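All remarks here apply to the structure that follows.
All values derive from a computational prediction rather than experimental measurement. Sequence lines set the chain letters: A, B, ... in the order given, protein chains first and strands last, and positions in each chain run from 1.
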There are 2 protein chains.
Amino acid sequence: MPETPRRAVGISANRYGNRPTMKDVAARAGVGLKTVSRVVNGEPGVTPETERRVQEAIDALGFRRNDSARVLRKGRTATVGLVLEDLADPFYGPLSRAVEEVARAHGALLINGSSAEDPDREQELALALCARRVDGLVVIPAGDDHRYLEPEIRAGVATVFVDRPAGRIDADCVLSDNFGGAREGVAHLVAHGHRRIGFIGDMPRIHTAAERLRGYRAAMEDAGIAVEDAWTSLGATDPWRVRRAAEQMLSGPSPVTAVFSGNNRVTVTVIRVLAEQSRAVALVAFDDLELADLLQPGVTVVAQDAAAIGRTAADRLFRQLGGTQIAPERIELPTRLITRGSGELPPAD
Amino acid sequence: MPETPRRAVGISANRYGNRPTMKDVAARAGVGLKTVSRVVNGEPGVTPETERRVQEAIDALGFRRNDSARVLRKGRTATVGLVLEDLADPFYGPLSRAVEEVARAHGALLINGSSAEDPDREQELALALCARRVDGLVVIPAGDDHRYLEPEIRAGVATVFVDRPAGRIDADCVLSDNFGGAREGVAHLVAHGHRRIGFIGDMPRIHTAAERLRGYRAAMEDAGIAVEDAWTSLGATDPWRVRRAAEQMLSGPSPVTAVFSGNNRVTVTVIRVLAEQSRAVALVAFDDLELADLLQPGVTVVAQDAAAIGRTAADRLFRQLGGTQIAPERIELPTRLITRGSGELPPAD
DNA sequence: CTGAAAGCGCTTACAG
DNA sequence: CTGAAAGCGCTTACAG
């Protein structure tokens with residue numbers, strides 16, 4: 001009776017689809033394991049002849065070093081995690097790309113995850129990344145309590161929060177000047193003669209939404225205008241909710257003559273509603289949009305630089321990983337008012 | 001003389017910033033390693049009392065399982081890689097998010113990388129992902145030779161190509177019907193009376209660009225129109241190049257009366273150029289744009305469903321990982337013509 | 001119900 | 001210049 005074959009000859013059986021290992025390469029080249037390791041990692045101290053034999057075995061077997069074993073010994077994974085809200089949102093694409101580029105410059109890869117604005121999912125994702133021992137974590141918070149990350153940070157996971165500050169822990173964060181940007185945008189409308197100005201924003205528990213609302217209120221107060229309740233609306237950014245909010249403040253006995261839109265998703269719907277109005281309504285929008293200058297009128301915006309935010313956060317992350325102890329810092333990046341027409345329309349009445 | 005302390009008491013020194021391991025938990029709980037493993041993984045066969053003691057030790061030490069060690073034994077990383085062109089491009093955000101969602105449903109995380117349309121960088125990235133032993137790889141090709149992935153695929157890395165087919169290897173791919181979509185779009189212009197129709201596309205070595213040009217030519221031939229050299233322009237999608245191409249075909253003795261734009265980046269510039277023209281020029285554009293319906297006229301587009309493409313590719317990837325042997329397949333997803341005005345303008349002359 | 005031993009594929013620290 | 005042994009933090013396959 002023939003023996004049952006247990007494994008392919010010369011290749012140790014394993015779960016990576018029968019991949020050759022350094023051991024297989026060593027056996028084939030007739031050298032020790034460490035010599036293979038030296039060749040694979042380009043370490044000195046190998047004769048050209050030995051190196052040639054090892055390289056030949058590597059090529060013949062199609063060997064590729066298993067970095068996940070390497071990582072286990074070395075302790076650093078050269079991987080950073082990015083927890084954001086939704087990769088499909090045009091704001092996060094450039095941000096993510098910027099983080100990726102900085103990571104790449106440091107030889108690291110980027111694991112992306114979307115929280116879908118759900119605090120539980122944010123936590124689940126962030127901790128899953130920590131379990132994979134990412135070296136660092138860039139988090140765009142969905143929740144407002146990040147104490148769950150304390151043990152991880154203490155254990156050495158570099159962490160930077162972006163777009164919104166961390167909740168209940170002291171950590172680096174990189175933000176846009178949401179308050180200042182909104183204040184400037186609303187002041188711009190005031191300067192063009194508006195007094196009844198509406199504000200449509202995201203859910204109030206989101207830091208950026210709250211800050212922008214605060215900027216709106218500050219600008220109104222600066223102008224000595226008492227804000228009526230009907231002028232502000234915060235909530236989900238789905239088209240239905242935003243449309244309803246916009247239509248309400250544009251109707252009634254004393255409708256608003258201008259709208260400040262709190263973010264890019266809100267803006268898209270607001271523009272649609274304004275296009276349906278019989279009279280011209282001024283608009284200044286937080287976040288820039290592609291094609292914003294081609295609409296009629298062009299959309300005046302308070303622009304954030306998503307790439308700069310991502311770059312700044314990633315730089316900060318790798319500085320933490322660089323080993324120098326640095327105290328947590330709050331870095332605020334300026335916004336930029338871009339006038340294109342919609343924010344310079346005079347009041348219709 | 002006091003002894004030099006070598007390590008913190010009770011915690012084994014290691015490179016993960018002194019993280020507790022299962023061994024530490026076992027020691028503290030006074031149980032064996034395997035019992036800790038059972039509790040951590042929710043395996044049965046542990047008395048409630050033992051479980052409590054272990055859990056207490058876990059909490060006290062702030063233990064979190066090192067998945068990267070786990071992976072080394074189990075053989076699957078529950079990680080998939082996505083190599084795309086540029087995460088900042090609005091086409092890839094939704095695509096990436098869709099891949100992420102499918103991965104998440106299978107308990108896997110997603111590592112993203114941008115090739116920046118550079119074949120060398122694509123290869124470097126894809127192989128780096130393989131070295132980390134991703135279970136599967138979704139690749140949007142930048143290069144046209146993917147034989148470098150053959151050993152990886154043979155070793156069991158599930159692979160699906162997206163948006164463009166693999167070069168020189170037989171592998172799954174998920175594409176839009178670029179040929180059919182472009183042909184339909186151009187036929188639409190012909191149906192509205194145009195005969196001198198320009199085509200501005202991406203670099204000819206990119207599969208989608210070539211296919212869309214082929215669709216353009218087919219539609220023109222269907223209509224019995226001989227295409228003049230001056231009507232087609234392929235190349236980089238930077239604004240300067242596209243502007244120049246558009247202006248050239250719109251000038252001279254017999255300018256085009258309609259333009260077919262080959263992708264979203266081209267379209268952005270073409271719209272700007274057309275807006276500057278004194279006469280109306282018809283436009284049909286490949287790829288939808290966020291505010292396309294709000295421009296005047298609205299932009300008629302041949303839309304791809306980026307999310308559906310990503311979802312289809314990821315489904316296919318996990319089917320490969322499911323173990324059933326399936327022959328490589330080429331899946332082509334239909335495009336959708338959305339008429340909004342710009343494609344229905346009659347010829348200006 | 002519980003745990004000691006071996007091993008995943010590498011690197012580290014040594015010794016020759 | 002080269003390699004055997006130990007170990008990274010887990011899981012697997014057993015044995016009690």
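Counting to the nearest Å, the C1' atom of D/dT12 and the NZ atom of B/Lys74 are 9 Å from each other. We find that CG of B/Leu61 is positioned 14 Å from P of D/dG9, with the value rounded to whole Å. The CG-C1' distance, from A/Asp24 to C/dC8, rounds to 13 Å in whole Å. Rounded to a whole Å, the CD atom of B/Glu43 is 14 Å from the P atom of D/dC10. Note: CE (A/Met22) to P (C/dT12) measures 11 Å, nearest angstrom. The distance from atom CG of A/Leu72 to atom C1' of D/dA6 is 13 Å, rounded to the nearest whole Å. One atom, CZ of B/Arg132, and another, P of C/dC10, lie 14 Å apart when rounded to the nearest Å. Separating the CZ atom of A/Arg73 from the P atom of D/dA6 is a distance of 13 Å, rounded to the nearest angstrom.
Side-chain contact between B/Asp144 and B/Pro119 is absent, with no heavy atoms from C-beta onward closer than 4.5 Å. At a threshold of 4.5 Å between non-hydrogen side-chain atoms, the residues B/Val80 and B/Val134 do not count as touching. Contact annotation: the side chain of B/Leu321 approaches that of B/Arg76 to within less than 4.5 Å [non-hydrogen atoms, C-beta and beyond].
Here A/Ser37 does not reach the OP1 or OP2 of C/dC10: none of its side-chain N or O atoms lies under 4.0 Å away. Between A/Ser68 and C/dG9 there is no side-chain polar atom (N or O) within less than 4.0 angstrom of OP1 or OP2.
Distances from the side chain of B/Thr47 to the nucleotides D/dC10, C/dC1, D/dC1 place C/dC1 closest.
If you check the side chains of A/Asn112 and A/Ser96, you find a donor sitting under 3.5 Å from an acceptor. With no hydrogens or angles considered, a side-chain donor-acceptor pair links A/His146 and A/Glu122 at under 3.5 Å. A/Arg133 and A/Thr79 share no donor-acceptor pair across their side chains, judged by distance under 3.5 Å alone. In this structure, a donor-acceptor pair under 3.5 Å is present between the side chains of A/Glu100 and B/Ser114. Side-chain atoms of A/Asn66 and B/Arg132 include no donor-acceptor pair closer than 3.5 Å.
The residue A/Asn41 sits close only to the backbone: its heavy atoms come under 4.0 Å of sugar-phosphate atoms, none of a base.
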Inset, instruction - State the dot-bracket string of DNA chain D. Criteria: Watson-Crick or G-U wobble, both atom distances under 3.5 angstrom; notation: ( ) intrastrand, [ ] crossing earlier pairs, | interstrand, . unpaired. - result: |||.||||||||.|||
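With sequence neighbours excluded, no residue forms a side chain to side chain donor-acceptor pair (under 3.5 Å) with B/Arg168.
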Please tabulate the protein-to-nucleotide N/O contacts below 3.5 Å involving nucleotides 3-5 of chain D, giving atom names and distances.
residue: D/dG3; atom: OP1; partner: A/Gly32; partner atom: N; Å: 3.4
residue: D/dG3; atom: OP2; partner: A/Gly32; partner atom: N; Å: 2.9
residue: D/dG3; atom: OP2; partner: A/Thr35; partner atom: OG1; Å: 2.4
residue: D/dG3; atom: N7; partner: A/Arg38; partner atom: NH1; Å: 3.2
residue: D/dG3; atom: O6; partner: A/Arg38; partner atom: NH2; Å: 2.7

